[in-house]
Amino acid sequence: MDTVVSGIRSTGNLHLGNYFGAVKNFVQMQHKSNCFFFIADWHSLTTHPTPADLHDNVKRVLAEYLACGIDPEKASIYVQSDVPEIPELYLLMNMNAYLGELERTTSFKDKARKQPENVNAGLLTYPVLMAVDILIHKAQKVPVGKDQEQNLEMARKFARRFNNTYGEETFPIPQAYSFSGEFVKIPGLDGSGKMGKSEGNAICLIDDPKDIRKKVMKAVSDSGPTEMNQEKPEAIHNLFTLMDVVSTKDTYDFFNDKYNNCEIRYGDMKKQLAEDIINFTSPIRERILDISKDDEYLSKVTRLGAEKARESAAKTLEEVRKLIGFRKF
Ligand code: TRP
């Protein structure tokens with residue numbers, strides 16, 4: 001069975017774009033592959049969160065992923081900082097990562113430009129830590145977005161380098177696992193582009209019904225089609241894309257026919273869309289709220305996750321120590 005690893009950076013609340021673009025796929029993958037999903041809290045230290053923010057972010061991400069259907073009995077879901085094998089392999093891998101290649105990484109150059117007052121060494125070696133996250137479980141597949149491709153290329157480079165140096169096929173060469181094509185890109189509500197928290201056009205799973213109605217009613221539309229079966233402009237196409245993922249086929253067809261007959265009233269369509277989004281998110285939202293209150297459950301889940309992750313990590317680390325030549329006596 002394939003091993004899959006994906007790290008989740010703890011930023012912001014999950015929105016519909018995250019759900020349909022990533023989390024839903026994680027939930028499906030956990031039945032088919034040996035999955036490790038973890039909250040990358042060490043990575044998040046590069047931006048110096050306060051202790052309270054660090055803690056709250058980890059808890060929120062965990063509650064949201066569990067509420068979406070990640071099953072701690074099926075996948076290993078864990079917090080990165082619960083796995084001390086990771087920093088040991090990170091130390092070892094750092095010996096074969098070179099300043100030049102790390103400095104040339106686009107994400108490092110971007111960060112250095114954006115936070116010139118905090119160009120810390122952790123930022124420089126971020127790709128090494130990420131490679132270790134993947135290699136420590138000998139993963140073949142890494143479901144990540146386009147922005148992570150260079151980091152993944154570095155992971156492949158470090159894996160090959162280790163394999164060449166120690167003359168063994170220790171690490172499989174990890175491949176990006178992209179869902180694009182297979183799954184829908186969720187657009188934002190502002191007429192163009194995709195849904196994203198930084199764009200401020202997102203509907204979060206935790207949003208209450210009132211907020212959802214307000215956001216959807218404010219979504220960009222236009223004055224309506226003027227010809228039968230007219231091609232939809234982007235803003236309208238986006239509303240239909242959202243409807244396609246949350247509404248029934250009948251509802252979608254109803255409004256699609258209205259559009260094609262030039263009889264559509266966007267107010268009615270948005271009202272329906274808002275209610276269908278609420279129907280979709282409400283049970284998830286309730287689970288998020290319940291799980292967040294249940295520290296005992298959360299602690300049980302993280303303990304189980306750490307146990308499974310450490311077992312897998314310890315095995316790899318043991319092998320690596322031997323290959324490098326640490327004492328056998
Ligand atoms: N760098 C990834 C991001 O910013 C998060 C991450 C850390 C990750 N370690 C990973 C992703 C290992 C995949 C595999 O989104």
Side-chain angles (χ1 to χ4, degrees), residues 1-10 26 29-30 32-46 54 58 61-62 65-66 70-97 122 125-144 148 151-152 154-163 165-177 298-328:
M1 207 195 311
D2 269 343
T3 297
V4 172
V5 167
S6 196
I8 305 154
R9 245 178 334 158
S10 41
F26 286 7
M29 261 188 304
Q30 66 186 350
K32 294 184 222 136
S33 303
N34 180 26
C35 290
F36 293 91
F37 303 127
F38 69 95
I39 301 168
D41 57 344
W42 274 323
H43 286 277
S44 77
L45 291 182
T46 52
L54 179 67
V58 169
V61 173
L62 194 60
Y65 275 77
L66 292 168
I70 301 283
D71 178 351
E73 303 283 338
K74 293 231 158 67
S76 303
I77 178 157
Y78 61 97
V79 182
Q80 188 184 30
S81 63
D82 282 342
V83 183
E85 287 76 11
I86 293 170
E88 185 175 336
L89 187 59
Y90 173 58
L91 182 149
L92 301 173
M93 282 293 179
N94 267 323
M95 305 305 167
N96 291 306
T125 57
Y126 186 109
V128 185
L129 183 55
M130 177 158 160
V132 167
D133 292 328
I134 299 164
L135 302 179
I136 201 143
H137 299 302
K138 301 196 177 198
Q140 287 94 353
K141 286 183 185 166
V142 186
V144 283
Q148 295 299 312
N151 281 336
L152 198 57
M154 305 282 280
R156 279 195 282 273
K157 200 193 264 186
F158 298 141
R160 279 195 209 101
R161 197 174 283 161
F162 187 97
N163 289 351
T165 308
Y166 294 100
E168 301 256 349
E169 290 301 300
T170 315
F171 297 117
I173 307 304
Q175 303 299 327
Y177 192 51
L298 285 170
S299 125
K300 208 174 94 189
V301 166
T302 48
R303 248 182 293 129
L304 177 66
E307 218 172 87
K308 293 200 272 183
R310 289 195 67 184
E311 192 187 319
S312 151
K315 231 164 57 195
T316 307
L317 189 58
E318 192 54 35
E319 189 185 338
V320 166
R321 282 187 191 137
K322 273 204 198 107
L323 287 169
I324 293 182
F326 289 106
R327 73 171 147 66
K328 298 196 195 82

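Note that the structure is a prediction, hence the values are computed from the model and not measured.
- Judged as a salt bridge (Lys or Arg N to Asp or Glu O under 4.0 Å), the pairs with a partner in residues 312-327 (not counting sequence neighbours) are, in order, Glu88-Arg321, Lys138-Glu319, Glu318-Arg321.
- The ring-ring contact (aromatic ring centres under 6.0 Å, His included) search around Phe162 returns Tyr166, Phe171, not counting sequence neighbours.
- Atoms CE and NE2, on Met130 and His43 in that order, are 7.0 Å from each other to the nearest 0.5 Å.
- Taking CG of Asp133 as the start and CD of Gln80 as the end, the distance is 4.5 Å to the nearest 0.5 Å.
- Partners of Thr3 under the side chain to side chain contact (heavy atoms under 4.5 Å, CB included) rule, at least two apart in sequence or in another chain, are Asn34, Phe36, His137, Ala139, Gln140.
- The minimum heavy-atom distance linking Ile86 with Val132 is given by the pair O-CG1, 3.6 Å.
- Contact of the Pro143 side chain with the Phe26 side chain is registered, since non-hydrogen atoms from C-beta on lie closer than 4.5 Å.
- Residues forming a side-chain hydrogen bond (donor to acceptor under 3.5 Å, both in side chains) with Asn151 (at least two apart in sequence, or on another chain): Gln148.
- In this structure, CG in Leu129 is found 7.5 Å from CH2 in Trp42, a value given to the nearest 0.5 Å.
- Leu135 approaches Met93 most closely through the heavy-atom pair CD1-CE, 3.9 Å.
- Taking the side-chain hydrogen bond (donor to acceptor under 3.5 Å, both in side chains) definition, one finds that Thr302 meets it with nothing, sequence neighbours left out.
- Within the 3.5 Å criterion, the main-chain N or O of Glu169 finds no donor-acceptor partner in the side chain of Asn163.
- Looking at heavy atoms from C-beta onward, Ser312 lies out of side-chain contact with Glu85 at the 4.5 angstrom threshold.
- Separating the NZ atom in Lys308 from the CD1 atom in Ile77 is a distance of 10.0 Å, to the nearest 0.5 Å.
- Asn94 approaches Thr125 most closely through the heavy-atom pair OD1-CG2, 3.5 Å.
- Residue pairs that meet the salt bridge (Lys or Arg N to Asp or Glu O under 4.0 Å) test with at least one member in residues 36-46, sequence neighbours left out, do not exist here.
- Between Thr316 and Ile136, the shortest heavy-atom distance links the atoms OG1-O, 2.7 Å.
- Not counting sequence neighbours, the partners of Arg160 by the side chain to side chain contact (heavy atoms under 4.5 Å, CB included) test are Glu153, Arg156, Ile173.
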Show the numbers, then the answer: is there a side chain to side chain contact (heavy atoms under 4.5 Å, CB included) between Tyr177 and Val4?
CA-CA 9 Å; Tyr177 192 51; Val4 172; 5.5 Å; no

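- Around the CD atom of Glu311, the shell of radius 6.0 Å holds no more than 12 heavy atoms that belong to other residues, nucleotides or ligands.
- By the side-chain hydrogen bond (donor to acceptor under 3.5 Å, both in side chains) test, Glu168 is found to be paired with no residue, residues two or more places apart in sequence or in another chain being considered.
- Nearest heavy-atom pair across Leu92 and Ile324 is CD1-CD1, 4.0 Å.
- Applying the ring-ring contact (aromatic ring centres under 6.0 Å, His included) criterion to Tyr65, with sequence neighbours excluded, gives no partner residue.
- Glu307 meets the side chain to side chain contact (heavy atoms under 4.5 Å, CB included) test with no other residue; sequence neighbours excluded.
- Rounded to the nearest 0.5 Å, atoms OG (Ser81) and CG (Leu54) are 7.5 Å apart.
- Checked against ring-ring contact (aromatic ring centres under 6.0 Å, His included), Phe158 has no partners two or more places apart in sequence or in another chain.
- Between the side chains of Arg303 and Ser299, at least one donor-acceptor pair of N or O atoms lies under 3.5 Å.
- Note: Ser76 OG to Asp71 CG = 10.5 Å, rounded to the nearest 0.5 Å.
- Of all heavy-atom pairs between Pro72 and Leu304, the closest is O-CD2, 3.5 Å.
- Lys74 meets the side-chain hydrogen bond (donor to acceptor under 3.5 Å, both in side chains) test with no other residue; sequence neighbours excluded.
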